[in-house]
Amino acid sequence: MAERTGLPRTAHDAGTIGAAGCTVNRFAVALMPDSGGHPRKPVAGVDAPPPHLLLVARRMTRPGEHMALTTYTPVITVFAAGREWTLERAADLQTLWDNMVEADFGDDERLPYWTELWPSSLVLADWLHDNAGRIRGRTCLDMGCGLGLCSLVGQWLGARVTGMDYEPEALFHARRNAERNRVPQPLWTVMDWRAPAVRRHAADLVWGGDIMYERRFVTPVLDFLDHVLAPCGAAWVAEPGRTVYNHFRETLDARGWHARRVLSSETASLYEQPESVTVHLWEITR
């Protein structure tokens, strides 16, 4: 399959296989949390509590029904792509932030955004469901997959999905979330988009939800899309109106890409807040 898709399907393609069954490529800087060789300071809450101690919070149980969280819970249930999804996570963003060590604040700033489920991911998941015919049977790549929701939706809809993230802890939980939701496992791979471990033009479709927070991310992301996206492929990027995306669209034009906004959707945040979030979804093609 690796020869057919160009995406890493074996340890030879992408590095070594972590103890949790996730593919860890040679650009990874850490091992999976349960590998016994974690080189960074352990993060509180990474090991999931026993099932009888899990508190389940429902963000949305049916379309139109909204029950926003007021505090962190280790398991959340959301309604997206026409069904419920139950997702476990390590700890809240603030707790993980407080447990970061000095090395985590280097040039890469390994900030634990992956532990939250952002509004852009919910909108993107619904978009994948609405475009199931476009992704079914196709080779797809989820950039910055985090807890894995959009990777799981794509796999459930019949796509061949690779979910990539820079943080091994994220993929540990993403794999468990596939099991929890009874979805065939996507390929989970630790990858740095500055050093793509995939063959050129290997993906028919690439998607990502709220993956850029600073202008310095724009060029590496576009370089990665240049590398991985098939000539007739498309990328879907969901974003909540961050100013960095103005620079992203300007750079797209300068590099010969075409971007069109295919959706703007108001969605509730996972946590209770005064206003809903407007998420824009862009389709990017050559």
Side-chain angles (χ1 to χ4, degrees), residues 1-14 17 21-23 25 78-87 120-165 170-171 174-191 193 196-209 211 221 224-238 257-260 262-263 265 281-286:
M1 185 175 291
E3 287 301 314
R4 179 163 57 87
T5 66
L7 293 175
R9 293 290 173 182
T10 67
H12 175 74
D13 292 325
I17 303 296
C22 301
T23 306
N25 72 26
V78 297
F79 190 92
R83 56 164 281 186
E84 285 188 352
W85 301 88
T86 301
L87 306 171
S120 293
S121 294
L122 296 168
V123 172
L124 179 57
D126 285 339
W127 173 261
L128 296 177
H129 182 256
D130 292 343
N131 289 271
R134 295 181 65 181
I135 69 173
R136 188 174 297 115
R138 309 295 293 276
T139 300
C140 302
L141 182 66
D142 185 359
M143 293 181 65
C145 64
L147 296 174
L149 174 63
C150 291
S151 295
L152 300 185
V153 170
Q155 192 81 358
W156 174 62
L157 293 171
R160 300 190 301 271
V161 179
T162 295
M164 59 169 278
D165 204 283
L171 301 182
R175 181 174 181 83
R176 290 172 63 101
N177 287 332
E179 296 171 351
R180 180 181 288 273
N181 290 280
R182 299 183 179 180
V183 172
Q185 290 288 349
L187 174 73
W188 305 109
T189 181
V190 177
M191 196 186 306
W193 55 39
V198 294
R199 193 177 66 210
R200 284 184 59 79
H201 303 161
D204 300 312
L205 291 156
V206 177
W207 59 69
I211 55 176
V221 167
F224 183 82
L225 290 180
D226 269 328
H227 176 86
V228 74
L229 195 61
C232 295
W236 293 322
V237 175
W257 291 85
H258 305 285
R260 66 185 184 99
V262 294
L263 180 69
S265 175
L281 198 144
W282 300 85
E283 182 171 273
I284 300 165
T285 56
R286 287 188 174 86

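Considering all non-hydrogen atoms of both residues, Trp193 and Phe224 come closest at O-CD1, 3.5 Å. Here the closest heavy-atom approach between residue Val153 and residue Ala81 is recorded as CG1-CB, 3.8 Å. Here the closest non-hydrogen pair linking Ser151 and Pro186 is O-CG, 4.0 Å. Across all their heavy atoms, Ile135 and Ala159 have their closest contact at O-CB, 3.3 Å. Scanning all heavy atoms of the two residues, the minimum distance from Trp85 to Ala80 falls at NE1-O, 2.9 Å. Scanning both residues, Gln185 and Ala178, for their nearest heavy atoms gives OE1-CB, 3.3 Å.
A distance of 5.5 Å separates CG of Leu225 from CE of Met143, quoted to the nearest 0.5 Å. Here Leu171 contributes atom CG and Asn177 contributes atom CG; the two are 11.0 Å apart, rounded to the nearest 0.5 Å. Atom-to-atom distance recorded for Asn131:CG and Arg136:CZ is 11.0 Å, nearest 0.5 angstrom.
Put simply, the side chain of Leu87 reaches to within 4.5 Å of the side chain of Leu149, judged on heavy atoms. Leu263 places a side-chain heavy atom less than 4.5 Å from the side chain of Val123. With contacts defined as side-chain heavy-atom distances shorter than 4.5 Å, the pair Leu128/Trp236 qualifies. In this structure the side chain of Asp126 never reaches within 4.5 angstrom of the side chain of Phe79, judged on heavy atoms.
Judged as a side chain to side chain contact (heavy atoms under 4.5 Å, CB included), and not counting sequence neighbours, the contacts of Ser121 are Leu117, Cys150. Considering only residues two or more places apart in sequence or on other chains, Trp282 meets the side-chain hydrogen bond (donor to acceptor under 3.5 Å, both in side chains) condition with Glu239. Take His258 and apply the side chain to side chain contact (heavy atoms under 4.5 Å, CB included) test, not counting sequence neighbours, and it matches Thr285. Here Arg286 pairs with His201, Asp226, Leu229, Trp257 under the side chain to side chain contact (heavy atoms under 4.5 Å, CB included) rule; sequence neighbours left out. With sequence neighbours excluded, the residues forming a salt bridge (Lys or Arg N to Asp or Glu O under 4.0 Å) with Arg134 are Glu283, listed by chain and number. Looking at residues two or more places apart in sequence or on another chain, you find a salt bridge (Lys or Arg N to Asp or Glu O under 4.0 Å) between Asp204 and Arg138.
His227 contributes a side-chain N or O that, together with a main-chain N or O of Val198, makes up a donor-acceptor pair within less than 3.5 Å. No donor-acceptor distance shorter than 3.5 angstrom exists from the side chain of Gln155 to the backbone of Val183, with no hydrogens or angles considered.
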Given side-chain contact (heavy atoms from CB on, under 4.5 Å), test Val190 with Asp165 step by step and report yes or no. CA-CA 5 Å; Val190 177; Asp165 204 283; over 6 Å; no
side-chain contact (heavy atoms from CB on, under 4.5 Å) between Val161 and Leu141, intermediate numbers included: CA-CA 6 Å; Val161 179; Leu141 182 66; over 6 Å; no
Determine, step by step, whether Cys145 and Trp188 satisfy the side-chain contact (heavy atoms from CB on, under 4.5 Å) criterion, reporting the C-alpha distance in whole Å, the side-chain angles of both residues, the deciding distance to 0.1 Å, and the verdict. CA-CA 9 Å; Cys145 64; Trp188 305 109; 3.9 Å; yes
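For the side chain to side chain contact (heavy atoms under 4.5 Å, CB included) with Val206, the lone residue among Thr162, Asp142, Val228 that qualifies is Val228.
A donor and an acceptor atom, one from each side chain of Arg160 and Thr139, are located under 3.5 Å apart.
Geometrically, Arg182 does not engage Trp156 in a cation-pi contact, judged by NZ or CZ lying under 6.0 Å from the ring centre and within 45° of the ring axis.
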